[in-house]
Amino acid sequence: MSLAELLQKRLQSIKKSPETETFPSNSQQQQQLNKYFTIGYFIGTELNAEEYRWKKFKENFREHFMIKQVTGKMICEENILNNEIDILYMPGGYPNNFYEQIGGDTAREKIQTFLLNPNKVYLGICAGCYLATCQHKEENEKMEFCINTFNLIENIKIKDRGINHIWKRGLGQCKLKFTESGKKIFKSVEENCEMFYRNGPVLEIIEKEGDIDGSDCCEVLATYENEFVTNETQKGIMIGSPAAIYSRYKGNGGKILLFSPHPEASVDIVVKYLIDGLLFCCSNE
């Protein structure tokens with residue numbers, strides 16, 4: 001489906017509801033077109049218009065996108081991803097809980113099918129970033145976290161998994177350095193910034209990186225300049241590891257934008273970087 005066809009379909013499907021934002025008709029044309037891209041915010045098993053993080057996200061993004069809460073039932077039984085959603089957003093939380101709440105293996109298949117469309121986008125932050133990886137529990141492995149995942153990107157892994165993986169690292173302001181590719185996507189970004197961090201995954205690219213050209217690769221957009229540790233075995237692993245990654249599903253499918261830290265919970269300028277990234281993913285660049 002072309003971008004023009006996708007926008008036309010979106011115009012026909014927009015409905016007002018407590019979980020969906022609509023916008024003034026007198027906005028400038030390009031801003032209005034952006035708003036016809038709908039973010040599906042995974043909220044859990046039940047819609048909740050009063051959830052704090054949802055309200056904050058809606059406040060920050062409503063000028064640029066339509067925003068709609070989605071539940072596991074809506075994804076698995078109502079086919080909402082193909083009919084109404086352009087960007088699936090998996091926020092921070094606990095990956096194992098999210099995997100069950102969204103519908104387990106059935107939801108995984110729905111998300112993979114969703115991303116076969118090159119116009120669709122997966123945004124994963126913290127737990128949502130974990131879930132985009134290809135993890136499974138190996139024999140005799142003591143792994144308490146992220147056993148089941150959506151298997152969206154094959155060539156990234158949890159960097160410290162083989163070193164007594166302890167996911168609790170703490171929270172605070174992490175320092176990031178953006179790559180040249182990151183500067184292309186986050187158009188308003190400077191070379192360095194700080195983002196809020198809370199136990200985000202420490203990732204590693206396990207195949208050669210490439211350019212942002214739709215090839216079967218992961219592109220590192222930013223790396224960590226400092227680290228958080230609660231255990232001696234964690235030291236020295238986080239610094240220099242990817243903090244933000246861009247990829248395409250199966251090489252030329254939907255776009256995948258991942259953050260280990262929390263840009264959405266950071267200061268306004270960092271939120272703007274995330275908006276830039278999503279607009280890049282919705283474009284044909």
Selection residues 258-268 - residue pairs positive for salt bridge (Lys or Arg N to Asp or Glu O under 4.0 Å), sequence neighbours left out: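 Counting only pairs at least two positions apart or across chains, no salt bridge (Lys or Arg N to Asp or Glu O under 4.0 Å) contact touches residues 258-268.
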Phe186 vs Phe259 aromatic rings, parallel, tilted or perpendicular, using cut-offs 30° and 60°?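 Answer is tilted, since the angle falls between 30° and 60°.
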Give a yes or no on whether the ring-centroid distance for [X] and [Y] is below 6.0 angstrom.
{"X": "Phe65", "Y": "Phe37", "answer": "no"}
{"X": "Phe42", "Y": "Phe150", "answer": "no"}
{"X": "Tyr249", "Y": "Tyr122", "answer": "no"}
{"X": "Tyr130", "Y": "Phe98", "answer": "no"}

Compare every heavy atom of [Y] with every heavy atom of [X], then report the nearest pair and how far apart it is.
{"X": "Ile85", "Y": "Ile87", "answer": "CG2-O, 3.3 Å"}
{"X": "Arg169", "Y": "Val202", "answer": "NE-CG2, 3.3 Å"}
{"X": "Val220", "Y": "Pro242", "answer": "CG2-CG, 4.0 Å"}
{"X": "Thr149", "Y": "Thr133", "answer": "OG1-O, 2.8 Å"}
{"X": "Cys126", "Y": "Pro201", "answer": "O-CD, 3.8 Å"}
{"X": "Gln101", "Y": "Gly44", "answer": "OE1-CA, 3.8 Å"}

State, with a plain yes or no, whether a side-chain heavy atom of [X] is found less than 4.5 Å away from one of [Y].
{"X": "Val121", "Y": "Tyr89", "answer": "no"}
{"X": "Pro118", "Y": "Arg248", "answer": "yes"}
{"X": "Ile67", "Y": "Trp54", "answer": "yes"}
{"X": "Val70", "Y": "Leu88", "answer": "yes"}
{"X": "Cys218", "Y": "Ile153", "answer": "yes"}
{"X": "Tyr273", "Y": "Cys193", "answer": "yes"}
{"X": "Leu47", "Y": "Met74", "answer": "yes"}
{"X": "Gln173", "Y": "Met195", "answer": "no"}

Test your reading of the model: is there a side-chain donor-acceptor pair from [X] to the backbone of [Y], 3.5 Å cut-off?
{"X": "Glu154", "Y": "Cys134", "value": "no"}
{"X": "Ser266", "Y": "Phe196", "value": "yes"}
{"X": "Glu78", "Y": "Lys73", "value": "no"}
{"X": "Thr179", "Y": "Leu221", "value": "yes"}
{"X": "Lys68", "Y": "Thr38", "value": "no"}
{"X": "Gln234", "Y": "Lys168", "value": "yes"}

Quick check: is [Y] connected to [X] through a chain of hydrophobic side chains (ILVMFWY, heavy atoms under 4.5 Å apart)?
{"X": "Leu116", "Y": "Ile75", "answer": "yes"}
{"X": "Ile237", "Y": "Leu171", "answer": "no"}
{"X": "Ile43", "Y": "Tyr94", "answer": "yes"}

Check the pair Leu203 / Ile158 against side chain to side chain contact (heavy atoms under 4.5 Å, CB included), numbers first and verdict last. CA-CA 5 Å; Leu203 304 173; Ile158 306 301; 4.1 Å; yes
Supply the atom-to-atom distance [X] [atom1] to [Y] [atom2], rounded to the nearest 0.5 angstrom.
{"X": "Ile80", "Y": "Gln69", "atom1": "CD1", "atom2": "CD", "result": "10.5 Å"}
{"X": "Asn119", "Y": "Asp86", "atom1": "CG", "atom2": "CG", "result": "8.5 Å"}
{"X": "Leu131", "Y": "Ile125", "atom1": "CG", "atom2": "CD1", "result": "13.0 Å"}
{"X": "Lys187", "Y": "Lys272", "atom1": "NZ", "atom2": "NZ", "result": "9.5 Å"}
{"X": "Glu227", "Y": "Ile239", "atom1": "CD", "atom2": "CD1", "result": "4.0 Å"}
{"X": "Asn79", "Y": "Leu81", "atom1": "CG", "atom2": "CG", "result": "7.5 Å"}

For Ile205 and Ile245: C-alpha separation, side-chain torsions, deciding distance, then whether side chain to side chain contact (heavy atoms under 4.5 Å, CB included) applies. CA-CA 10 Å; Ile205 307 295; Ile245 286 174; 3.9 Å; yes
Thr71 vs Thr45, test: side chain to side chain contact (heavy atoms under 4.5 Å, CB included). Steps then yes/no. CA-CA 5 Å; Thr71 65; Thr45 56; 5.9 Å; no
What's the verdict on side chain to side chain contact (heavy atoms under 4.5 Å, CB included) for Glu225 and Leu176, showing C-alpha distance, side-chain angles and the deciding distance? CA-CA 5 Å; Glu225 294 282 280; Leu176 303 188; 5.9 Å; no
Within a 6.0 Å radius of atom CZ on Arg198, are there more than 12 heavy atoms belonging to other residues, nucleotides or ligands?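 Not buried by this count: 12 neighbours or fewer within 6.0 Å.
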Can you tell me if Tyr224 and Ser260 form a side-chain donor-acceptor pair at under 3.5 Å?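 A donor-acceptor contact under 3.5 Å links the two side chains.
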